[in-house]
Undergrad: 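Encoded as structure tokens, here's the structure I'll be asking about.
Residues take their numbers from the sequence shown, with the count starting at 1.
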Amino acid sequence: MKVSIQLLMAFIILMCGSCQTTKDNKVDTQQDEIAFADPTIFVENNKYYLTGTRNRTPQGFSIFESTNLEDWKTANGDTLQLILREGDSAYGERGFWAPQIFKEGSKYYMTYTASEHTVLASSNSIYGPFRQDEVRPIDESARNIDSFLFKDSDGKYYLYHVRFNKGNYLWVAEFDLPNGRLKSETLKKCFDITDSWEATTNYNSSPVMEGPTVVKMDDIYYLFYSANHFRNIDYAVGYATSKSPYGPWEKYAGNPIIHRSIVHENGSGHGDLFHGPDGRYYYVYHVHNSDSIVQPRKARIVPMIMKKNRETGIYDISVDPSNIIIPRIK
């Protein structure tokens, strides 16, 4: 019996060891997913560069690159490749959120939020370091977050961003890129919360509209935005259209186009548009960590479906939830 008990214990240990391996593999798979909130993808020379909100030390922004949107790595082979770091000739001490990378001429620019202000930094390389000649925010007159710089077909830049007034609301102003300043006399609020999906009761908060992205197609401006608090399971994405960068904006009747009922994960929102390998528009966004845990949020990519409405000449936009991509570190 003693030998039988020993054999039985050995068998149990072996089985438990197998269970632990399976569990660890699941954890590893989970950890391979890129934990960025407010993600954005910059495209250049058939390569994709992904960055976003990290919410951990060292404060700043890191970057991954890919050629297929599924497999991501750092260019230097390290597990962490920072392109902007707190205290390295760039504004901000906390709350490094919502970056956007774009290029003008041979110079790369990044707008981001830090210490509840929007900031503009630049670099000669996509890998940074992104720095400022003068360490300051774009607009020191009031708190503002979630910046997105849009370049119109006439060469003018417009800064879409969020300002606070008993809630978070979207604003726009013409932007002076060489001086890194918005033209305050052009400031205009985009719109208010008007639709039920923009303020659900699943999380108690002040009104929230944020995460703007703007594209122009056939002389129509498309403003994509997120609504609800990011902790709300109903955090979602919709869009509005206009014939002017200032509006007036008309919200799409089919909003939201990204929501947990569509993509089947909670807290789906705050991202950016880009062209994928097939030339189609894709939207990169974040979701909650799980059905019960919000942080750390994880990045997702979904193809967009563009169908021009024959009556209005405006695209009716939806997403393809059957082909969602989960970016993983390889």
Undergrad: For residues 55-62, dump all side-chain donor-acceptor pairs below 3.5 Å to protein atoms at least two apart in sequence or in another chain.
TA:
{"residue": "R56", "atom": "NH1", "partner": "R54", "partner atom": "O", "Å": "2.5"}

Undergrad: Any side-chain heavy atom of L50 sitting closer than 4.5 Å to one from V284?
TA: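 A side-chain contact exists here, since the closest heavy-atom pair is under 4.5 Å.
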
Undergrad: Decide whether S322 and D320 meet the rule of one side-chain donor and one side-chain acceptor closer than 3.5 Å.
TA: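 Yes, a side-chain donor-acceptor pair sits under 3.5 Å.
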
Undergrad: Counting only heavy atoms not in K156 (residues, nucleotides, ligands), do more than 12 fall under 6.0 Å from its NZ?
TA: no

Undergrad: Salt bridge check, E104 against K151: does any charged N sit closer than 4.0 Å to a carboxylate O?
TA: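 Between E104 and K151 there is a salt bridge, with a charged N closer than 4.0 Å to a carboxylate O.
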
Undergrad: Quick check against the 3.5 Å criterion: does D195 have a side-chain atom that pairs as donor or acceptor with the backbone of I193?
TA: no

Undergrad: Would you check if N255 and W197 make a side-chain contact, meaning some heavy-atom pair closer than 4.5 Å?
TA: yes

Undergrad: Kindly indicate, with the supporting measurements, whether the criterion ring-ring contact (aromatic ring centres under 6.0 Å, His included) is fulfilled by F191 and Y225.
TA: CA-CA 11 Å; F191 42 72; Y225 65 98; 5.1 Å; yes

Undergrad: What is the minimum heavy-atom distance between K298 and N289, and which atoms define it?
TA: NZ-O, 2.9 Å

Undergrad: Hey, are R181 and D139 close enough for a salt bridge, meaning a charged N less than 4.0 Å from a carboxylate O?
TA: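 Not counted as a salt bridge, because no side-chain N and carboxylate O are separated by less than 4.0 Å.
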
Undergrad: Counting C-beta onward and ignoring hydrogens, is there a side-chain heavy-atom pair between F150 and V215 closer than 4.5 Å?
TA: no

Undergrad: What are the two closest non-hydrogen atoms of G211 and D146, and how far apart are they?
TA: N-OD2, 3.2 Å

Undergrad: Could you report the tightest heavy-atom contact between H286 and F36, atom names first, then the distance?
TA: CB-O, 3.7 Å

Undergrad: Could you state whether Y108 and F96 fall into the same hydrophobic cluster, counting links through intermediate Ile, Leu, Val, Met, Phe, Trp or Tyr residues with side-chain heavy atoms under 4.5 angstrom apart?
TA: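 Hydrophobic grouping puts Y108 with F96.
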
Undergrad: ring-ring contact (aromatic ring centres under 6.0 Å, His included), that's the test. Do Y235 and H288 meet it? Break it down for me.
TA: CA-CA 10 Å; Y235 195 62; H288 288 178; 7.7 Å; no

Undergrad: Should D219 and K243 count as an ion pair when the cut-off is N to O under 4.0 Å?
TA: no

Undergrad: For the residue pair Y160 and P245, establish whether any side-chain heavy-atom pair is separated by less than 4.5 Å.
TA: yes

Undergrad: Is any NZ, NE, NH1 or NH2 atom of the basic residue among E265 and R300 found under 4.0 Å from an Asp or Glu carboxylate oxygen of the other?
TA: yes

Undergrad: Between E86 and Y91, do the side chains contain a donor N or O and an acceptor N or O under 3.5 Å apart?
TA: no

Undergrad: Please step through side-chain hydrogen bond (donor to acceptor under 3.5 Å, both in side chains) for the pair K107 and S123, ending with a clear verdict.
TA: CA-CA 6 Å; K107 183 172 286 190; S123 173; over 6 Å; no

Undergrad: Using a 4.5 Å cut-off on heavy atoms from C-beta on, say whether the side chain of I63 contacts that of T74.
TA: no

Undergrad: Under 3.5 Å, is there a donor-acceptor pair between the side chain of S115 and the main chain of E93?
TA: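 Judged by distance alone, yes, a pair lies under 3.5 Å.
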
Undergrad: Any side-chain donor paired with an acceptor under 3.5 Å for D38 and H270?
TA: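 Side chains of D38 and H270: pair found under 3.5 Å.
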
Undergrad: Go through the side-chain N and O atoms of Q100 and T111 and say whether any donor and acceptor fall under 3.5 Å apart.
TA: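 Note: Q100 and T111 side chains meet the donor-acceptor criterion.
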
Undergrad: Which atom names give the shortest non-hydrogen contact between V162 and E210, and what distance separates them?
TA: CG2-CA, 3.6 Å

Undergrad: Using the side chain to side chain contact (heavy atoms under 4.5 Å, CB included) rule, take T194 and K251 through it: C-alpha gap first, then chi angles, then the decisive distance, then the call.
TA: CA-CA 9 Å; T194 56; K251 295 178 182 178; 2.8 Å; yes

Undergrad: Without placing hydrogens or testing angles, list every side-chain donor-acceptor pair under 3.5 Å for residues 166-178, not counting sequence neighbours.
TA:
{"residue": "E174", "atom": "OE2", "partner": "K183", "partner atom": "NZ", "Å": "3.1"}
{"residue": "D176", "atom": "OD1", "partner": "N179", "partner atom": "N", "Å": "3.4"}
{"residue": "D176", "atom": "OD2", "partner": "N179", "partner atom": "ND2", "Å": "2.6"}

Undergrad: Take atom CG of N76 as the centre, draw a 6.0 Å sphere, and report whether it contains more than 12 heavy atoms from other residues, nucleotides or ligands.
TA: yes

Undergrad: With ring pair (Phe, Tyr, Trp, His ring centres under 6.0 Å) as the test, pick out the partner of H275 among F42, Y48, Y281, Y282.
TA: Y281

Undergrad: Aromatic rings W249 and Y221: how do their planes relate, parallel, tilted or perpendicular, breaks at 30° and 60°?
TA: perpendicular

Undergrad: Quick one: do F274 and Y283 end up in the same hydrophobic cluster if we chain Ile, Leu, Val, Met, Phe, Trp and Tyr together by side-chain heavy atoms under 4.5 Å apart?
TA: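 Each belongs to a different hydrophobic cluster.
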
Undergrad: Where do G92 and A114 come nearest, in terms of heavy atoms and distance?
TA: CA-CB, 3.6 Å

Undergrad: My understanding is that only residues two or more places apart in sequence, or in another chain, count here; which of them pass side chain to side chain donor-acceptor pair (under 3.5 Å) with H259?
TA: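 Here the qualifying residues are D234, S261.
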
Undergrad: Within the structure provided, determine whether L223 and S242 are in side-chain contact (heavy-atom separation under 4.5 Å).
TA: no

Undergrad: Is there a side-chain contact between I101 and T51 (heavy atoms, below 4.5 Å)?
TA: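 Contact flag for I101/T51 side chains = yes.
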
Undergrad: Between I233 and I262, is there shared hydrophobic-cluster membership here, with clusters defined by ILVMFWY side-chain heavy atoms closer than 4.5 Å?
TA: no

Undergrad: Does a side chain donor of either S66 or K47 reach within less than 3.5 Å of an acceptor in the other side chain?
TA: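 Short answer, no.
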
Undergrad: Angle between ring planes, Y239 versus Y222, binned at 30° and 60°: parallel, tilted or perpendicular?
TA: tilted

Undergrad: Would you call M306 and M217 a side-chain contact if the rule is heavy atoms closer than 4.5 Å?
TA: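 They are in side-chain contact.
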
Undergrad: With rounding to the nearest 0.5 Å, note down the distance linking CG in L120 to CZ in F130.
TA: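 That separation rounds to 10.0 Å.
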
Undergrad: Kindly compute the distance separating OH (Y157) from OH (Y109), expressed to the nearest 0.5 Å.
TA: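 One finds 8.0 Å between OH of Y157 and OH of Y109.
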
Undergrad: Less than 4.0 Å between a side-chain N and a carboxylate O, is that true for D71 and R328?
TA: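 Between D71 and R328 there is no salt bridge, as every charged N stays at least 4.0 Å from the carboxylate O atoms.
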
Undergrad: With ring centroids as reference points, do Y158 and F148 lie under 6.0 angstrom apart?
TA: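 No, they do not, as the ring centres are separated by 6.0 Å or more.
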
Undergrad: Looking at every non-hydrogen atom in both residues, tell me the closest pair between D316 and N309 and how far apart they are.
TA: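 Closest approach of D316 to N309: OD2-ND2, 3.3 Å.
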
Undergrad: Applying side-chain hydrogen bond (donor to acceptor under 3.5 Å, both in side chains) to N124 and S106, what does each step give before you reach the verdict?
TA: CA-CA 7 Å; N124 292 323; S106 60; 5.9 Å; no

